[in-house]
Asker: 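Just passing along the structure, written as structure tokens.
Chain naming here is simple, since letters A, B, ... match the order of the sequence lines and numbering starts at 1 in each. This one's a predicted model, so the numbers in the text were calculated from it and none came from an experiment.
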Amino acid sequence: MDLVRDLEALAEGARQSIASAPDDRALEELRVRFLGKKGELSAVLRGMGQLTPEERPRVGEVANRVRDEVESLLVRARQRIADDRLEKELQGSRIDVTLPGRRLLPRGHRHPVTRTTEEIVAIFARLGYEVASGTEIELDWYNFEALNIPADHPARDMQDTFYVDEAALGRVGGEGAVLLRTHTSPIQIRAMKRAGAPPVRVVAPGRVYRSDYDQTHTPMFHQVEGICVGPGITFADLKGTLAAFARAFFGAGTRTRVRPSYFPFVEPGAEVDVSCTICAGVGNRAGARCGTCKGTGWLEVLGSGMVHPKVLENVGFDPSAVTGFAFGMGVERMAMLKYGIADLRLFYENDLRFLEQF
Amino acid sequence: MRISLSWLATYVPLPPAEELARRLTDVGLEVEAVERVGAALDGVVAARILSSERHPGAEKLSVCQVEAGQGAVQVVCGATNWKVGDVVPLATPGTRMPAGHRIDRASLRGVDSHGMLCSARELGLSEDAAGLLILPADAVPGTPLARVLGIEDVVLEVNVTPNRADALSHLGIAREVAAATGAAMAYPESGLKQQAPAASSCLRVSIEAPDRCFRYAARVVEGVRIGPSPAWLAGRLEACGVRSISNVVDATNFVLLERGQPLHAFDLDKVAGAEIVVRMARVGEKMVTLDGVERTLSPDDLVIADRDRASALAGVMGGGDSEISAGTTRVLLESAWFEPTGVRRTARRHGFHTEASHRFERGVDPEGVVPALDRCAALIAELSGGTVRRGAVDVHPHRRKPLDVELPWARAGQVLGMPVSRKEARTALLALGFELRATGAKNGKFRVPSWRLDVTREEDLIEEIVRLRGYDAIPETLPAFLSDTPAQPHGALVTERARQALEGAGFSEAVNFSFVAPEDLRPLAPGGGPTGIPIRNPISADLAVMRSSLVPSLLKVLAYNRRQRVEDVRLYEIASTYHPREAGAQDDAPAREDLRLAGVATGRRHPVGWSAGGEPVDFHDLKGALEALLESLGIEGVRFVAGGATFLHPRSAATLEWTSPGGSAVALGVAGEVHPRVAAAFDLPRGVFAFDLSFPALVEAARLVRGHAGVPRFPAVLRDLAVVVANEVESRAVLEGVRAEPLVEDVTLFDVYKGAPIPEGKKNLAMAIRYRAADRTLTDSEADAAHGRIVERLKGELEAELRG
């Protein structure tokens with residue numbers, strides 16, 4: 001039974017050579033050598049022709065066993081080599097995790113004025129206010145007259161006004177002056193007129209314009225104003241609303257102080273201060289006078305008051321039946337306080353190195 | 001307004017300055033600053049010179065022993081105008097001099113000096129640098145100099161709002177202090193002594209414009225000697241920031257600051273005809289105002305004229321012709337009530353804002369006109385040695401009726417949201433000078449004091465009550481009504497999505513001024529089209545017109561960033577542009593404002609990194625960003641059609657066209673490379689890309705909530721296709737030709753190639769096509785057939801050749 005011996009020898013040779021094969025390529029060579037069409041197993045089996053019919057099944061059986069064994073040896077050897085390789089990699093050199101991450105595009109950034117406007121508006125939206133907008137080129141009536149600021153009234157000095165060339169708008173004289181709105185209050189007038197009847201609760205964000213350009217003023221800036229008109233609205237509601245707003249915007253510990261002031265479209269009028277965001281209302285930091293609140297512990301941030309009865313009359317509301325409060329704030333100032341921005345010019349230079357910090 | 005506390009204290013007892021400041025702020029008179037006058041002299045004390053000897057090493061210096069309250073100290077001095085025994089100012093070591101430097105213990109040529117003896121100039125007190133300031137001999141050594149000089153004072157800077165004309169004086173502030181603290185007021189006596197003959201015998205007054213001058217009262221003071229004011233008067237004025245001029249002029253300013261009533265003194269001998277006519281200016285009439293400027297008057301200007309000509313702009317400024325001068329002996333003193341809006345028009349017309357116009361515009365106390373006149377006449381007589389003629393010439397065509405305002409007792413509580421008792425209301429109003437005229441179960445009727453012209457209705461009374469009581473007393477509540485929480489408006493949602501998409505594509509937001517220079521808009525309107533809406537009174541030529549496009553502002557910001565060496569920049573802005581409105585527009589808005597979304601990009605496509613990057617941005621980067629924007633807004637089927645706008649490169653720009661569900665084509669905007677000449681006009685290189693979209697059009701096209709189509713359940717068949725077409729054939733035509741085959745689910749263009757072996761003038765487009773049927777598994781032969789149909793269509797329609 002030479003063939004059986006040959007098969008056993010083949011198997012033994014395969015066991016040894018497969019066990020010592022170093023890599024996949026060597027394994028593949030061994031597979032071809034033992035199991036290939038022209039390989040050793042085929043060569044042995046070619047000798048089957050000379051066997052007797054009685055011998056054939058036995059030799060065939062051995063041949064099948066040897067083929068199965070060699071095949072499974074190959075499978076296990078491949079696994080061993082893969083495991084060895086992985087193990088080697090797992091123990092090998094590290095990647096440089098400190099190389100900068102690969103980014104297709106840096107993210108763009110939203111302008112701090114927009115961010116701040118959105119924060120303010122979102123707070124009032126949660127309180128149930130609707131957002132209104134309006135045109136920036138306005139009629140004198142909406143910007144001044146309707147707000148109880150008649151022509152030749154000293155209150156007009158509070159807001160140095162830009163006037164628009166009416167001829168360029170195709171207007172003839174006598175239709176009323178056209179100006180750049182000095183506050184977003186005209187939006188409220190239009191909102192009340194549009195609503196037709198109370199209650200009206202709107203916040204009006206937008207660009208406003210005053211002829212003033214220095215360290216602390218830009219000729220264009222942003223405001224958010226709001227109005228809440230309905231039966232039984234009180235000054236206490238004004239205080240509560242603005243105190244809630246201040247806590248939501250500046251933080252839970254923020255205190256508010258309301259003191260008398262004058263805006264022609266409200267009566268009584270009030271200035272609202274919040275406890276200083278820098279020194280927490282103490283007035284000094286590390287023994288030195290706080291520069292942000294000038295040592296007072298308070299920051300002036302909001303103008304407000306009860307809507308003047310003349311304003312209610314001007315939009316067709318009955319001041320004996322409804323009351324309301326109004327408030328307004330400068331967005332740039334709020335942003336400066338919240339983000340600690342010291343220089344107003346930064347807002348309008350649009351230097352990417354500034355914008356990228358928001 | 002500056003309020004001197006030493007002056008104020010003569011009318012009402014005062015709490016300490018800081019508390020006073022707080023109390024005034026609490027009643028609505030905001031104190032913006034508390035300034036200690038004389039603080040600049042801190043550290044300077046009176047010192048008596050005990051002895052002196054020549055400096056051993058310097059002929060011009062003396063070594064003095066001085067007594068400054070704590071024993072003798074040695075000081076080296078260079079002045080010579082003193083003698084032993086004199087009292088002089090000593091700046092002690094540590095003193096910060098007005099010029100800014102610090103006095104320290106020093107050695108002058110080997111001799112120790114413990115401070116410096118000072119001249120008036122060194123102390124910032126006057127220009128006198130001739131020698132040491134010699135103080136009164138009875139000054140006690142060691143006393144602070146400010147106290148010795150009697151200039152120790154505290155000045156409050158009070159921000160008086162435009163409604164509070166009554167508080168523009170020391171007496172007005174004193175009234176508020178008295179009301180707030182409950183202290184009693186002491187009104188100053190006029191102390192007027194009159195002598196015959198009557199003023200009316202030498203002066204006539206007539207008012208020709210009674211609707212502009214409600215009252216004109218005048219007195220005559222004779223035998224006046226013009227001279228400097230006494231120190232107390234000059235000091236009062238200076239504390240309030242008013243320059244001392246002469247005794248007569250200072251007296252008018254003193255009464256102005258005391259009572260808020262502007263007065264004017266004329267040299268009666270220069271008043272032609274000894275006659276005052278209060279009249280409107282004549283057309284073309286001219287007059288020289290006190291500032292030396294000749295002005296052409298308007299017929300809307302009220303003037304104080306004599307027989308011949310205008311000699312003052314009523315309530316605003318006097319004239320040069322009748323000015324008080326060193327030789328004046330007879331003074332005509334005017335005290336009047338001018339109609340506020342007229343004064344304001346005149347002041348603005350001629351560019352004035354004077355102490356007088358400031359007060360008349362806001363409305364002075366009509367009942368204070370004559371008391372102020374009497375007070376001032378008496379003061380002039382006292383200061384100048386003159387005598388006051390008997391009686392005032394008082395023309396009073398427009399008598400004011402006192403105003404009574406009813407207050408429903410319950411109303412204050414309703415408006416304020418806290419109980420206000422009848423007693424509280426009454427107490428507050430009476431303290432502020434209101435009189436209770438009648439009281440009923442429901443209402444009280446209050447007479448408004450003459451100086452409170454701002455109080456006209458019940459809301460004004462409520463404010464008076466609450467400001468005196470303090471806003472702190474009002475509780476904090478929230479309005480009690482139900483909110484129906486409206487859905488976020490579509491426009492707001494689109495705005496937020498658009499911002500997020502652009503920021504995701506690397507664009508940061510810029511916020512620019514709405515006004516630009518007309519030249520900025522010109523490169524965008526090469527045909528000489530409109531260049532923005534002009535501002536009549538621009539703040540500068542750079543900010544003179546309302547912009548008709550956002551693009552120039554963004555290009556300027558790009559240029560600015562490049563100057564800062566920031567070169568990879570992508571910016572967007574959402575803002576209005578301004579245009580004349582169309583005829584027949586429905587609303588009453590004076591202009592058309594179009595909201596635009598514009599952006600610019602330049603620099604590198606990706607940041608340069610260690611593995612890749614550095615290629616410049618091109619048109620298709622911009623297009624990719626816009627496609628991402630459109631996708632985020634759910635806007636489908638937008639076509640980029642070649643050709644943009646005049647500010648873009650004619651061969652490298654597109655118009656974005658969207659077809660509405662109704663089938664009409666809507667131009668959303670344009671995108672492309674900025675025209676090289678436009679870029680050059682903004683100091684920018686080539687390779688700047690921009691887009692400019694209509695925001696309302698985006699809002700209209702946006703579909704933020706879309707239906708969905710599930711996921712395919714049957715497998716797809718993938719086939720590649722490469723065709724050669726002429727260069728002019730747009731890729732869109734090829735892709736549309738592919739998509740026209742119904743079995744095509746998607747096609748991706750993955751290569752565009754020109755060059756050998758492709759013939760000149762042609763390009764090869766390589767595409768991956770995905771075929772799929774929704775209802776069955778597609779067979780290879782079906783896919784092959786579809787592929788074949790596509791090839792035939794492209795051959796037929798675009799003369800495409802198939803590439804192996």
Asker: Stepwise, does the salt bridge (charged side-chain N to carboxylate O under 4.0 Å, His left out) test hold for B/Arg547 with A/Glu136?
Answerer: CA-CA 12 Å; B/Arg547 58 186 173 171; A/Glu136 297 160 31; over 6 Å; no

Asker: Pick one of side chain, backbone, both or neither for A/Ala167, based on which atoms fall under 4.5 Å of a heavy atom in chain B.
Answerer: neither

Asker: So what's closer than 4.5 Å to chain B heavy atoms on A/Phe221: side chain, backbone, both or neither?
Answerer: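 Neither; nothing under 4.5 Å.
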
Asker: Measure B/His353 against the heavy atoms of chain A and call it side chain, backbone, both or neither at under 4.5 Å.
Answerer: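 Side chain only.
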
Asker: Of the backbone (N, CA, C, O) and the side chain (C-beta and beyond), which part of B/Arg605 lies under 4.5 Å from a heavy atom of chain A, both, or neither?
Answerer: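 Interface part for B/Arg605: backbone (N, CA, C, O).
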
Asker: What part of A/Leu99 lies closer than 4.5 angstrom to a heavy atom of chain B: side chain, backbone, both or neither?
Answerer: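 When you check distances to chain B, atoms from both the backbone and side chain of A/Leu99 fall under 4.5 Å.
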
Asker: Nearest 0.5 Å, please: how far is OG1 in A/Thr234 from CD in B/Gln414?
Answerer: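 Reported value, rounded in 0.5 Å steps: 11.0 Å.
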
Asker: Between the main-chain N or O of A/Ile137 and the side-chain N or O of B/Glu593, is there a donor-acceptor pair closer than 3.5 Å?
Answerer: yes

Asker: Which atoms of B/Val27 are under 4.5 Å from chain A, going by heavy atoms: the side chain, the backbone, both sets, or neither?
Answerer: backbone

Asker: By a 4.5 Å heavy-atom criterion (distance strictly below it), what part of B/Leu543 contacts chain A: side chain, backbone, both, or neither?
Answerer: side chain

Asker: Verify, without hydrogens or angle tests, whether A/Asp152 (side chain) and B/Arg344 (backbone) share a donor-acceptor contact under 3.5 angstrom.
Answerer: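 Not confirmed, A/Asp152 side chain does not pair with B/Arg344 backbone.
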
Asker: Ignoring hydrogens and angles, state whether a donor on the side chain of B/Thr25 or A/Arg259 is under 3.5 Å from an acceptor on the partner side chain.
Answerer: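 Result is no, nothing qualifies.
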
Asker: What part of B/Val566 is in contact with chain A, defined as an atom under 4.5 angstrom from a non-hydrogen atom: side chain, backbone, both or neither?
Answerer: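 Only the side chain of B/Val566 comes within 4.5 Å of chain A.
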
Asker: Contact part of A/Glu349 toward chain B, heavy-atom cut-off under 4.5 Å: side chain, backbone, both or neither?
Answerer: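 Both the backbone and the side chain of A/Glu349 come within 4.5 Å of chain B.
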
Asker: So which part of B/Phe507 gets closer than 4.5 Å to some heavy atom of chain A, the side chain, the backbone, both or neither?
Answerer: backbone

Asker: Quick one: CG on A/Asp237 to CG on B/Leu478, what's the gap to the nearest 0.5 Å?
Answerer: 7.5 Å

Asker: Quick one: does A/His153's side chain get under 4.5 Å of B/Glu361's, heavy atoms only?
Answerer: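 Side chain of A/His153 against side chain of B/Glu361, heavy atoms only: no contact under 4.5 Å found.
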
Asker: Which answer fits B/Asp472, side chain, backbone, both or neither, if we ask what part of it has an atom under 4.5 Å from a heavy atom of chain A?
Answerer: both

Asker: Can you tell me which portion of A/Thr161 sits under 4.5 Å from chain B's heavy atoms? Options are side chain, backbone, both or neither.
Answerer: backbone

Asker: Judged by atom type as modelled, is there a donor-acceptor pair below 3.5 Å linking the side chain of B/Trp610 to the main-chain atoms of A/Pro100?
Answerer: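 Yes; judged by distance alone, with no hydrogens or angles, the pair exists.
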
Asker: I'd like to know if the side chain of B/Ser508 and the backbone of A/His109 have a donor-acceptor N/O pair within less than 3.5 Å.
Answerer: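 Confirmed, B/Ser508 side chain pairs with A/His109 backbone.
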
Asker: With respect to chain B, which residue among A/Glu356, A/Arg107, A/Arg353 yields the maximal number of heavy-atom pairs within a distance under 4.5 Å?
Answerer: A/Arg353

Asker: If you define the side chain from C-beta out and look only at heavy atoms, does anything of A/Val164 sit under 4.5 Å from B/Pro590?
Answerer: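 The answer is no; the side chains never approach within 4.5 Å.
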
Asker: Heavy-atom pairs under 4.5 Å with chain A are the metric here; pick the option from B/Leu29, B/Thr161, B/Val511 that has the most.
Answerer: B/Val511

Asker: Rounded to the nearest 0.5 Å, how far apart are CG of A/Leu169 and CE of B/Met546?
Answerer: 10.0 Å

Asker: Measure distances from B/Arg592 to the heavy atoms of chain A and classify the residue's part below 4.5 Å as side chain, backbone, both or neither.
Answerer: neither

Asker: Check A/Glu271 with B/Arg467, please: is the shortest side-chain N to carboxylate O separation under 4.0 Å?
Answerer: no

Asker: With a 4.5 angstrom heavy-atom cut-off, is it the side chain or the backbone of A/Arg126 that approaches chain B, or both, or neither?
Answerer: neither

Asker: Quick one: what part of A/Asp212 sits under 4.5 Å from any heavy atom of chain B, side chain, backbone, both or neither?
Answerer: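 For A/Asp212, the contact with chain B is made by the backbone alone.
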
Asker: Heavy-atom distance under 4.5 Å to chain B: side chain of A/His308, backbone, both or neither?
Answerer: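 Interface part for A/His308: side chain.
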
Asker: Whether the side chain of B/Asn561 engages the backbone of A/Leu352 through a donor-acceptor N/O pair (distance < 3.5 Å, no angle test) should be reported.
Answerer: yes

Asker: I need the residue from B/His358, B/Arg411, B/His579 with the largest number of non-hydrogen atom pairs under 4.5 Å to chain A.
Answerer: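 Among B/His358, B/Arg411, B/His579, the one with the most close pairs to chain A is B/Arg411.
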
Asker: Report the C-alpha distance between A/Glu166 and B/Arg536 in whole Å, list the side-chain angles of each, state the deciding distance to 0.1 Å, and finish with yes or no for salt bridge (charged side-chain N to carboxylate O under 4.0 Å, His left out).
Answerer: CA-CA 9 Å; A/Glu166 289 158 47; B/Arg536 280 210 320 245; 3.2 Å; yes

Asker: Can we say A/Arg207 and B/Glu573 salt-bridge, meaning some charged N sits less than 4.0 Å from an Asp/Glu carboxylate O?
Answerer: yes

Asker: Test your reading of the model: is there a side-chain donor-acceptor pair from B/Asn537 to the backbone of A/Ser211, 3.5 Å cut-off?
Answerer: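 No; judged by distance alone, with no hydrogens or angles, the pair does not exist.
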
Asker: Non-hydrogen atoms of chain B under 4.5 Å away: do they reach the side chain of A/Thr241, the backbone, both or neither?
Answerer: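 A/Thr241 touches chain B through backbone and side-chain heavy atoms alike.
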
Asker: Do B/Asp588 and A/Tyr142 get their side chains close enough for a donor-acceptor pair, meaning under 3.5 Å?
Answerer: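 Yes, side-chain donor-acceptor contact under 3.5 Å.
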
Asker: Using non-hydrogen atoms only, which part of A/Leu180 is less than 4.5 Å away from chain B: side chain, backbone, both, or neither?
Answerer: side chain

Asker: At a heavy-atom separation under 4.5 Å, does B/Val569 approach chain A through its side chain, its backbone, both, or neither?
Answerer: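 For B/Val569, the contact with chain A is made by backbone and side chain together.
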
Asker: Is it the backbone or the side chain of A/Phe263 that comes under 4.5 Å from a heavy atom of chain B, or both, or neither?
Answerer: neither

Asker: For A/Lys239 and B/Pro475, indicate whether the former's side chain and the latter's backbone hold a donor-acceptor pair under 3.5 Å.
Answerer: no

Asker: Quick one: of B/Glu496, B/Gln500, B/Glu458, B/Arg348, who has the most non-hydrogen atom pairs under 4.5 Å with chain A?
Answerer: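 Heavy-atom pairs under 4.5 Å are most numerous for B/Glu496.
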
Asker: Between B/Pro340 and chain A, with a heavy-atom cut-off of 4.5 Å, which part of the residue counts as in contact: side chain, backbone, both or neither?
Answerer: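 B/Pro340 has no heavy atom closer than 4.5 Å to chain A.
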
Asker: Counting only heavy atoms not in B/Arg349 (residues, nucleotides, ligands), do more than 12 fall under 6.0 Å from its CZ?
Answerer: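 Atom CZ in B/Arg349 is crowded, with more than 12 foreign heavy atoms closer than 6.0 Å.
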
Asker: Look at B/Met418, B/Arg570, B/Arg604 and state which one has the largest set of heavy-atom pairs under 4.5 Å with chain A.
Answerer: B/Arg570

Asker: Indicate yes or no for a side-chain donor-acceptor contact from B/Glu509 to the backbone of A/His111 under 3.5 Å, with no hydrogens or angles considered.
Answerer: yes

